[in-house]
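Just so it is clear: chains get the letters A, B, ... in the order the sequence lines come, proteins before strands, and each one is counted from 1.
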Amino acid sequence: MVRLIVNRLLLSIVLVVISSIAIFFLMSLVPGDPARSILGAAATPDSIERLRQQLGLDQPLLAQYGSWLLGALRGDLGESVFTGDQVVTLILARVPVTASLILLSTLVIAALGTALGLLSAVRGGVLGKVLDVVSLVGLALPSYWVAILLVALVAVALRIFPATGYFAFADDPGRWLLGLILPVAALSLGGVTIVAKQMRDSAMDVLARDYIRVLRATGVRESSIVLKHVLRNSALPSLTVVGLTVVGSLTGAVFVENVFVLPGLGTLVTQATTSHDLPVVLGVGVFFTLFVIVVNLAIDLLYGVLNPKVRVS
Amino acid sequence: MSAPDTLQVPDILEVEDLAVDHGVGRKRKRAVNGVSFSIPTGSTLGLVGESGSGKTTTGMAILGMLPIASGRVLFEGRDITAIPRGEQRALGARRQVIFQDPYSSLDPTKTIGYTLAEPCRIAARADRMSAAQIAERQAMLLQRVGLSPDAARRYPAQFSGGQRQRIAIARALMLSPRLIVCDEPVSALDLSVQAEVLNLLVELQRDLGLSLLFISHDLSVVRHISHSIVVLRNGAVVEQGPAGRVYDEPADQYTRSLLAAAPVPDPAEQQARRDERHRRRMEDDSR
């Protein structure tokens, strides 16, 4: 297990380098440059050139990337071209928002998806058929569209939950939760339906197994069969799907944060991209890459906990 | 004056004119129709027939896992459909099952010890075993089926098919059942392992006075273990009687063809049988 973790950490360095190269050169293809954005429309070509020199933008691309990478490997992600703030500070200030959003929606996806899938497998009938259709619809609806729809319906028309705004958990847990209900709903809808569908399929597979028939013939209570045997055995394939949806919700969070105007990493990276704030975009990119690696590692470790076959070999 | 009657041990299982349906509504289809037989206590009844003949369906109905459309199943003299819900569980303890596929019959996420102990936890509070009693019985039964007692700490993936089937037998024995329904218990095993598991079943029956309903499509296996045999075809009984008689003087044409279809380990005999099958088929065609 220790070797698995060490291997993953080594791999993560390689992945961070690759993803940062991709971000760096893709950003260089975007028309316009930060000097022009900073100085605005009134800038003279002369002043723009001076600022470019100050920012190091006149250097060749490879040199620019090289100096960034050297800094990054030492833990220094540079500073924002605009505000001059440390990128690390900027990111850390916004992590709680995105973390709340993704953590809550992962909980909702895992709990609700598992419960719905299990229930429809055991009860079958109408719920199962509804789930089959809804899971397709849930897959097809992009989270930003659901987000806009929720704002229009629930927040603006019905005025049940606030449309925008974020409160830190430490300041006011009640308003923190209230403000996150709609974003989390928008972000988790797709995941809930996929996990529920996966759970339903694997639970039905498990229910047809002979060990379940033996327990039924012996007279073991159905609730105990479902909770002790069906849930545990069908959780394995669902766990993989939960992992994938968590990683996917990172992209979803970028859109959802923008719709609900949440001050998270998603809004930070969109603002930075439109204003060519390269160090910030790279910093968030590195952070997202690390997040994906950590989630995958966590899923692999959980797999070992749930599956004795993995543990034994 | 009633002495001779009360001394006689009643049949453990009596099946009277049993009918079982598959499906509901318009798709309803009768899978078993008018099947009657009985199993004397401590004996083995072999239920044979080709796939789809209703063997497994009959077994499941006896276990109470399929609704009975008509007829009666008497277990220890009591109609199982008339037994109140509360007592059904106690019934589950006295009537156990062993399935064909040893890979699907054990929960891969549970230790063998857990799997063996689980049936004990459903017993009524009064006669529930203590943890120590369960552990003791586990160790005893694992040894009895030819495994080491420390198998209890391991997982199903660490055992071969034959070993798993032994574990399934041990699980069936945990609650000291009177009747075990064996649904093709050796069909998924290698020939040499088949013999071991069959011999184990025969020994256990002799030592514990078990009654067995042995379901199989393999007549040589059934003959090895059964006292009497019921031959099913399309959900109905075509022939029944003592094992020796059904084998040596099959009365029904279908039984004869089933017997002729089973391979024998003697090339000359096998050739003769093949010729016999061929001749019969020609006769059927020319008719």
So how far is it from B:E118 CD to A:Y211 OH, rounded to the nearest 0.5 Å?
11.0 Å
B:R94 CZ: over 12 foreign heavy atoms closer than 6.0 Å
yes
Should we count OH of A:Y144 as having more than 12 external heavy atoms under 6.0 Å?
no
In this structure, are over 12 heavy atoms from other groups packed under 6.0 Å from A:F287 atom CZ?
no
Donor-acceptor pair, B:S105 side chain versus A:D210 backbone, under 3.5 Å?
no
Would you confirm whether B:K110, through its side chain, and A:K228, through its main-chain N or O, come within 3.5 Å as a donor-acceptor pair?
yes
Which atoms of B:R154 come close to chain A, meaning under 4.5 Å heavy atom to heavy atom: side chain ones, backbone ones, both, or neither?
neither
Atom CD of residue position A:E222 - does it have more than 12 heavy atoms of other residues, nucleotides or ligands inside 6.0 Å?
yes
In Å and rounded to the nearest 0.5 Å, what is the CZ to CZ distance from B:F99 to A:R209?
13.0 Å
Measuring from B:L63:CG to A:R213:CZ, what's the distance to the nearest 0.5 Å?
9.5 Å
Do B:L175 and A:T218 come within less than 4.5 Å of each other through their side chains, counting heavy atoms only?
yes
Tell me, side chain or backbone of A:L215 under 4.5 Å from chain B's heavy atoms, or both, or neither?
side chain
Highest number of heavy-atom pairs under 4.5 Å with chain A among B:A168, B:P156, B:P108, B:A157 belongs to B:P108
Separation between CZ of A:R232 and OG1 of B:T109, rounded to the nearest 0.5 Å:
4.5 Å
